Amino acid sequence: MTALGWFQVLLYVGVLLALVKPLGTYMARVFEGQGLFGLDRLLGPIERSIYRVAGVDAASEMRWQTYAGAVLLLSLVGLVFTYGVERLQGILPANPQGMSGVEPGLAFNTAASFTTNTNWQNYGGETTMSYLTQMLGLTIHNFFSAATGIAVLIALIRGLARKSGATLGNFWVDVTRCTLYILLPLSVVFALALVSQGVLQNFSPYKTVPLVQGTSYTQPKLDAAGHTVVDAGGHAISETVAVTTQTLPMGPAASQIAIKHLGTNGGGFFNANSAHPFENPTALTDFLEVLAQTVIAAALCYTFGKMVGDTRQGWAVLAAMLVILAAFIGLCYWAESGANPHLAAMNVDQAATEVNPGGNMEGKEARLGVARSALFATCTTATSCGAVDSMHDSFMPLGGAVPMAMMELGEVVLGGTGTGLYGMLVLAIIAVFIAGLMVGRTPEYLGKKIEAYEMKMAALLILIMPAVVLILTGAAVVLPAGLAGISNPGAHGFSEILYAFASATNNNGSAFAGLSGNTTFYNSSGGVAMLIGRFWTIVFTLALAGSLVRKKVVPAGAGTLPTHTPLFVTLLIGVVLIVALLTFVPALAVGPVVEHLQLFGR
């Protein structure tokens, strides 16, 4: 750990906090239909044209059931459309490499992945997906899935903010305004910044270029039929192959990379994701990508405060998120700053106990280093982004436990665009319920009484994710089809499976990378986990919002728990850690904790 490393972390936190209020204020104005500093005059005609073409009455509001139905309809249409584009890409245009259609299992997994804002990738983008599929099938989902999460959050905020009523707004209006006034402008600015730093944005065929320094390797010689050539004694004949050229992938990458971070989607244009120099070429782009994947989620806390009429509420929730985030960044940075003791023991120039001052550089970009890798890994799993600039599979055991634990918190520490905050608000409701039990009075949150129905909805929301993760993990470690995907034995192999299902169910999309996921078992089970993790939480969040919006606001009394104080922030942090994380402690003990003890045991 170095002073420079901590400076980079603190710089990120400082810039993030500086952007929270202006962006949060702007987003509140978008969803409250207020003036948008001239942008509404520019984009207003486009917005109204969309409503006319789609037959949407912008003045008509929806009850929670109708709102949820609209969410499911848009998602279903998007899933089927993306599946069709993947399967037909071999005969569709914008495919200069002539890639064939995606096989059915992988196409389903990918369509479910991008529909649910997960962006789990069991494929290499540059070897599997055409330019048209990347743009039409995947990038469009990056916008709509992010906008859907934000729209559901806004519906829940209206449920808390409105004095009484029965409706939560209009889903089609919320999605349109979010896409048009928030995601598109930010994406254009961010994409131009990426292009200025060297990120690709073109439609060229792949380029074959000469290597600066050629190389060679030996391989068995094959005949015209592809069989190994043998000598008279039956021994395989080898041949030396000289390599003097390299094929460089091209494509419209910057436009997808911009929204993959801003919308906490995370799906890389190239297989190596943000570790690829064509996606993340400089230290500046790396900083901007970490910032982009957290800024909307953080700013939505201030939007929440503005819309409920008390910005202190938003700051309190954000404070709880950032305290947890800072603790886990510190843990990951500390774990990755130490070297693997087995590698140290193999080095004859240093004692077995000496720590490499460079830290654990396995799986990391030398141009980025340990501090940036730890920051990126923690933030990408604190949100539901899932993009990576280093391979989590190569982290030290406790370092790898950090991104795993961030997802197992339920993606509520910042979380996905919209989804993280509505998850945290559910835990805030549980926190005030617990506090109410302590003092023997009906709990309230923002003047709304929290009663039996609200707690039932909250219980369903917090229980389904760990149930799906643990059930599917248990199935994978006993079924031959699940075991077949493990490339590392023992505790690390278990961690790979646990990480995969935690990532899928929480709609994160990052991976330990040691698991062979492109199989019928993992494509199917992972796809189902993504769909449950996304739409179960959306439906019951909207049901909770529908109940809250019908409740009249109760004036605060002497026994009302203030929900903007340090005491409540502390209570909320405790609820997040106890309710959300304790479920996974036994599983973490079997995986990364055991691996840590095996690695450092004497």
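Just so it is clear, the structure is predicted and the values come from calculations on it, not from any experiment.
- Counting only heavy atoms from C-beta outward, the side chains of Cys178 and Val30 never approach each other to under 4.5 Å.
- Pairs of residues two or more places apart, or lying in two chains, that qualify as ring-ring contact (aromatic ring centres under 6.0 Å, His included) and include a residue from residues 1-20 are Trp6-Tyr333.
- Other residues, nucleotides and ligands contribute at most 12 non-hydrogen atoms within 6.0 Å of the NZ atom of Lys306.
- Between Leu599 and Glu595, every side-chain heavy-atom pair lies at or beyond the 4.5 Å cut-off.
- Residues Leu414 and Met321 approach most closely at N-SD, 3.4 Å, considering heavy atoms.
- Checked against side chain to side chain contact (heavy atoms under 4.5 Å, CB included), Leu284 has the following partners two or more places apart in sequence or in another chain: Gln197, Thr282, Leu288.
- Aromatic rings of His141 and Phe114 (six-membered ring for Trp) have centroids beyond the 6.0 Å cut-off, not under it.
- Between Phe269 and His276, a ring centre-to-centre spacing not shorter than 6.0 Å is recorded.
- Residues that satisfy the ring pair (Phe, Tyr, Trp, His ring centres under 6.0 Å) test with Phe395, not counting sequence neighbours, are His392.
- Between Thr378 and Cys332 the shortest heavy-atom distance is OG1-CB, 3.7 Å.
- Ring planes of Tyr206 and Tyr131: tilted class, angle from 30 to 60°.
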Report task. Might you work through the side chain to side chain contact (heavy atoms under 4.5 Å, CB included) test for Thr116 and Ser145, ending with a clear yes or no? Result -> CA-CA 6 Å; Thr116 58; Ser145 63; over 6 Å; no

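- Two residues are said to be in side-chain contact when any heavy atoms from C-beta on lie closer than 4.5 Å; Leu200 and Phe270 meet this criterion.
- Rounding to the nearest 0.5 Å places CG of Asn280 at 6.0 Å from CG of Leu368.
- Residues passing the side chain to side chain contact (heavy atoms under 4.5 Å, CB included) test with Ala107, sequence neighbours excluded: Tyr83, Glu86, Arg87, Val102.
- Of the possible donor and acceptor atoms, one in the side chain of Asn506 sits under 3.5 Å from a partner among the backbone N and O of Met407.
- With Asn119 contributing its side chain and Thr264 its backbone, the two residues share no donor-acceptor pair below 3.5 Å.
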Requested in this report: Would you check, one step at a time, whether the test side chain to side chain contact (heavy atoms under 4.5 Å, CB included) holds for Phe203 with Met135?
Outcome: CA-CA 11 Å; Phe203 293 94; Met135 294 185 296; 3.5 Å; yes

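- Using a 4.5 Å heavy-atom cutoff, the side chains of Leu92 and Ser130 are not in contact.
- In this structure, the separation between CD on Glu411 and OG1 on Thr505 is 10.5 Å, given to the nearest 0.5 Å.
- In plain terms, the two heavy atoms of Ala147 and Leu183 that are nearest each other are N-CD1, 3.9 Å.
- By the 4.5 Å heavy-atom criterion applied to side chains, Glu289 and Cys385 are not counted as neighbours.
- Contact record, Ser510 with Thr381: OG-CG2, 3.7 Å, taken as the closest heavy-atom pair.
- Inter-residue side-chain proximity for Thr128 and Met99 is flagged as unmet; no heavy-atom pair is nearer than 4.5 Å.
- To the nearest 0.5 Å, atom CG of residue Leu184 and atom CG of residue Leu262 are 10.5 Å apart.
- Residues meeting the side-chain hydrogen bond (donor to acceptor under 3.5 Å, both in side chains) test with Thr417, sequence neighbours left out: none.
- Closest approach of Tyr302 to Gly24, counting heavy atoms only: CD2-C, 4.0 Å.
- No side-chain N or O of Ser373 forms a donor-acceptor pair with one of Glu365 less than 3.5 Å apart.
- Remark: Asn122 CG to Ser113 OG distance equals 8.5 Å, nearest 0.5 Å.
- To the nearest 0.5 Å, the span separating CG on Asn109 from OH on Tyr522 amounts to 12.5 Å.
- Evaluation of the side-chain hydrogen bond (donor to acceptor under 3.5 Å, both in side chains) rule for Ser503 yields no partner, not counting sequence neighbours.
- For the pair Thr419/Asn117, no side-chain contact is recorded, criterion being any heavy-atom separation below 4.5 Å from C-beta on.
- Side-chain atoms of Asn271 and Thr127, non-hydrogen and from C-beta on, never get closer than 4.5 Å to each other.
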